[in-house]
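Working notes for the structure below.
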Amino acid sequence: MLKKTVIALYAVVVVVMAAATIVEKYQGSAYVSSHIYGAWWFSLLWALLAAFGIFYFLKRRVKRVSTVVLHVSFLLILLGALLTHLTARQGMIHLRNGESTNQYIAQADNGLWEEHQLPFTLRLDSFKTVFHEGTMAASDYQSFLTVMDDVEHREVVSMNNIVSHRSIRLYQSSFDEDGRGSLLSVNSDPWGIPVTYTGYALLFLALVWMLLDPKGSYRQLLRKLSLMVIIGWLPFSPAKAQKVLPTETADRFANLMVVYNDRVCPMETYALDFTKKLYGKRSYKDFTATQVLTGFIFFYDDWCREPVIKVKGSELQERLQLPAYASVNQFFNQNGYVLGPYARQYYQGEQDAFYKQVAKADEKLSLVMELHQGTPLKLFPYTQKATTTWYSPTDKLPESMDSEHQKYMREVFTLLNGEVQAGKWTRANAYLDKMLKYQQSFGGRSVPDTTKLKAERLYNQIPFATILFMVCLTFGFLSFMKWRYIRMAATVVLTAAFLALTLCLILRWIIVDHVPMSNGYETMLVLAWFLQLLTFLAMRRFPIMLTFGLLMSGFFLLVSHISLMDPQMSHMMPVLQSPLLSLHVSIIMMAYALLSLTFICGLTGLIVKKQAEQLMLLSQLMLYPALTTLGIGIFLGAIWANISWGTYWSWDPKEVWALITFMIYAIAVHTQSFPALQRPKTFHIFMTIAFLTILMTYFGVNYFLGGMHSYA
């Protein structure tokens, strides 16, 4: 009866948390915070689970120290959460430049805002937004404060840099639009944080100890291993455009720098994104992306006749009688812009499949129109008062800019166009070379260094994800065959794929100046990289890992290739610029890689029944380090959140589903409490179904539920 009660409470907690994330999608964070996560019955539910869990644990008379420490850590984390819930104080301070206050406001239980006293006085001296050089992308938000207590002293609060004074912690939360005011988060949790952090420290110790304990379950699995052996499309071909820049001239144009996606990058990067958004591919027929872009710049009328706009969706094609690939001209008739009325209806609320397809097509046409107006071509840097701004030929230039620079920016493109129309490519090349020198001379610190530019040009040449997902999946399926030469080829392919993916990640790291794990696309690449690394470490002892590693890394590379993922590189949001984030994401990705392999083991074990027992052992060998890395990753994420957001646990959907994933997979190591999991078939079914929690944690949260973590 006690065991059934614990299981029932455990299941209810998981179901309630999962349901809460769905409710939050439709009712909002404030609603679930008040009616679920902050409700008395939710705390009682956790308390009952803890109490009955303790009784069950004592009844089983567990004596292994590592197991005891692990479960004690969970109790401390729950106790710390309760203390935070009961004793922590949170609020907000809004200050304009020069203003002082010794109060903050906090939301009461009735939803109204109340004023509370601070044990000191705070003055905002100034607020500053720091931008990445030459762009409008923020790199940090800084509030310069004076803390007036017994002694007056100055402090700076910024993203990932908190100020603590008298048990009060101040965080940079937001700011006024005019840049002359700041919104600070106030947090005081003198009891909950130390208890929770103690629990996290014990959790870290216990998880690592669980792997190293000579008498633990994991070491027993390793000893058992020594007694067993693991068995081994047709492209559309439209009429060729007649006017295009020669390859040499187009390449010079590609070398120019431009402000795109809030960073200074080679024009080639913009050209690739432009072409891919229009045509769905990185090139058009025999023309490079830069030739397509410059075609619309210099030979606009000709290229408006080219069927370069990919029309997605049968509803749009049938209703407007459009081909799969249409020209710009086909979206205009005697009545004007064909999509105009439908686009307005979409933005007024029409959201069915046809109108969504209209919106996507309208976005592509807008790219062409903006380029024709010259708006995106921010090619000309000008530095004034130590601040560099990049201008396009059609931008309104500041009156303080000297006439020589104004004349150059206004006229050089016209002169270049004249040489292009006349076909004088040597003179056109000379203009482009001079434009590059102008950028290097006047771009100041906003100009990327040579290493970054070369790295980005190399990165642009190779569609890493596209090539690697096809190769890995193909050889992954082929490696199921036990032919010696195929497996040798698969090993070579895995080696080459790993080296190529390593190069891809290194290049992105060089280009963006941070570990490439700041968005969904990059984390998929990192996950595939970890899978390939784990395959190298394990495939000598487990030959079937070669197949698993190729298939799963190929799958994640395929996911990175789909349209929901955005491969564009950009500056990292200020709040994400923390080394703890990189460590947190790296360890979480390692856990997901290991758990992905347990899914493949489970699926294969259900299909190839003769290998079910051996695959169960292999799955268990990956499960323990997966739980260790997942637990440590969640623990590091909580510390990062406490430093960045002001609270170590916010019940964000990503946090909740990471916890659900940990709780679900933790069931699989409790085979003594769940004897059915000692049978290979039951174990494989459980591990296959459990993988759905990872899919929900990563894709469901990112693309359906949203939340603070939706950038990932």
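We use all heavy atoms of the structure for the numbers below, so side chains are in, but hydrogens, waters and symmetry mates are not. Keep in mind the model is a prediction, meaning the values are calculated, not measured.
Although no hydrogens or angles enter the test, the distance criterion places a donor-acceptor pair under 3.5 Å between the side chain of Glu655 and the main chain of Asp652. Between the side chain of Ser619 and the main chain of Leu615, no donor-acceptor pair closer than 3.5 Å is present. Judged by distance alone, the side chain of Gln678 and the main-chain N or O of Thr671 form a donor-acceptor pair under 3.5 Å. Of the possible polar contacts, one joining the His35 side chain to the Tyr31 backbone as a donor-acceptor pair under 3.5 Å is found. The backbone N or O of Gly605 sits nowhere less than 3.5 Å from a side-chain atom of His684 that would complete a donor-acceptor pair. Distance alone, capped at 3.5 Å, places no donor-acceptor pair between the Lys3 side chain and the Tyr56 backbone.
In this structure, the ring of Phe674 has its center no less than 6.0 angstrom from the ring center of His670. Ring pair Phe556/Trp529: centre-to-centre distance not below 6.0 Å.
Environment of OH in Tyr10: crowded, with over 12 heavy atoms of neighbouring residues, nucleotides or ligands closer than 6.0 Å. Remark: Trp41 CH2 is packed, more than 12 non-hydrogen atoms of other residues, nucleotides or ligands lying under 6.0 Å away. Summarising the local packing, CH2 of Trp191 is surrounded by 12 or fewer heavy atoms from other residues, nucleotides or ligands at distances under 6.0 Å.
For the pair Leu76 and Gly199, the tightest heavy-atom approach, listed with the atom from each and the gap, is CB-CA, 3.7 Å. When all heavy atoms of Pro194 and Asp189 are compared, the closest pair comes out as CD-O, 4.0 Å. Considering every non-hydrogen atom in both Ala668 and Leu677, the closest pair reads CA-CD1, 3.9 Å. Across all their heavy atoms, Leu45 and Leu9 have their closest contact at CD1-CD2, 4.0 Å. Listed here is the closest heavy atom pair of Tyr459 and Cys504: CE1-SG, 3.8 Å. When all heavy atoms of Met545 and Leu534 are compared, the pair lying nearest together is CE-O, 4.1 Å.
Note: Thr474 OG1 to Leu550 CG = 10.0 Å, rounded to the nearest 0.5 Å. Between the OG1 atom of Thr547 and the CE atom of Met539 there is a distance of 11.0 Å, given to the nearest 0.5 Å. The CG atom of Leu597 lies 8.0 Å from the CG atom of Leu618; values are rounded to the nearest 0.5 Å. Here Ile667 contributes atom CD1 and Met663 contributes atom CE; the two are 8.0 Å apart, rounded to the nearest 0.5 Å. To the nearest 0.5 angstrom, Phe542 atom CZ is 9.0 Å from Cys601 atom SG. Annotation: the span from Leu558 atom CG to Met524 atom CE amounts to 11.0 Å, rounded to 0.5 Å.
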Quiz item: When you look at Ile664 and Phe686, which way does the side chain to side chain contact (heavy atoms under 4.5 Å, CB included) test go after all the steps?
Solution: CA-CA 9 Å; Ile664 293 296; Phe686 180 86; 4.0 Å; yes
Practice problem: May I have the step-by-step check of side chain to side chain contact (heavy atoms under 4.5 Å, CB included) for Phe464 and Leu557, ending in yes or no? | Solution: CA-CA 9 Å; Phe464 288 95; Leu557 288 166; over 6 Å; no
Exercise. Report the C-alpha distance between Val68 and Phe57 in whole Å, list the side-chain angles of each, state the deciding distance to 0.1 Å, and finish with yes or no for side chain to side chain contact (heavy atoms under 4.5 Å, CB included).
Key: CA-CA 9 Å; Val68 173; Phe57 192 82; 4.1 Å; yes
Quiz item: Checking side chain to side chain donor-acceptor pair (under 3.5 Å) for the pair Trp651/Ser33: CA distance, chi angles, key distance, verdict?
Solution: CA-CA 8 Å; Trp651 295 106; Ser33 178; over 6 Å; no
Practice problem: Dump the intermediate steps for side chain to side chain contact (heavy atoms under 4.5 Å, CB included) on Leu494 and Phe536, then the final yes or no. | Solution: CA-CA 9 Å; Leu494 178 65; Phe536 274 118; 3.9 Å; yes
Self-check item: Verdict with reasoning, Asn642 to Tyr197, per side chain to side chain donor-acceptor pair (under 3.5 Å)
Solution: CA-CA 11 Å; Asn642 195 34; Tyr197 275 24; 2.8 Å; yes
Practice problem: Verify ring pair (Phe, Tyr, Trp, His ring centres under 6.0 Å) between Phe204 and Trp209, making sure each step is shown before the conclusion. | Solution: CA-CA 8 Å; Phe204 175 85; Trp209 194 352; over 10 Å; no
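Contact check for Ile634 versus Phe662: side-chain heavy atoms found under the 4.5 Å cut-off. Two residues are said to be in side-chain contact when any heavy atoms from C-beta on lie closer than 4.5 Å; Tyr665 and Phe691 meet this criterion. Side-chain contact between Leu525 and Arg508 is present, with at least one heavy-atom pair separated by less than 4.5 Å. Inter-residue side-chain proximity for Thr502 and Gln532 is flagged as unmet; no heavy-atom pair is nearer than 4.5 Å. Gln672 is listed as a side-chain neighbour of Arg60, based on a closest heavy-atom distance under 4.5 Å. With a 4.5 Å cut-off on side-chain heavy atoms, Ile632 and Leu207 count as touching. With a 4.5 Å cut-off on side-chain heavy atoms, Tyr624 and Leu211 count as touching. Between Tyr592 and Met589, some side-chain heavy-atom pair lies under the 4.5 Å cut-off.
Scored by the ring pair (Phe, Tyr, Trp, His ring centres under 6.0 Å) test, Tyr200 finds Phe635 as partners (sequence neighbours excluded).
Between the side chains of Thr693 and Trp657, no donor N or O sits under 3.5 Å from an acceptor N or O.
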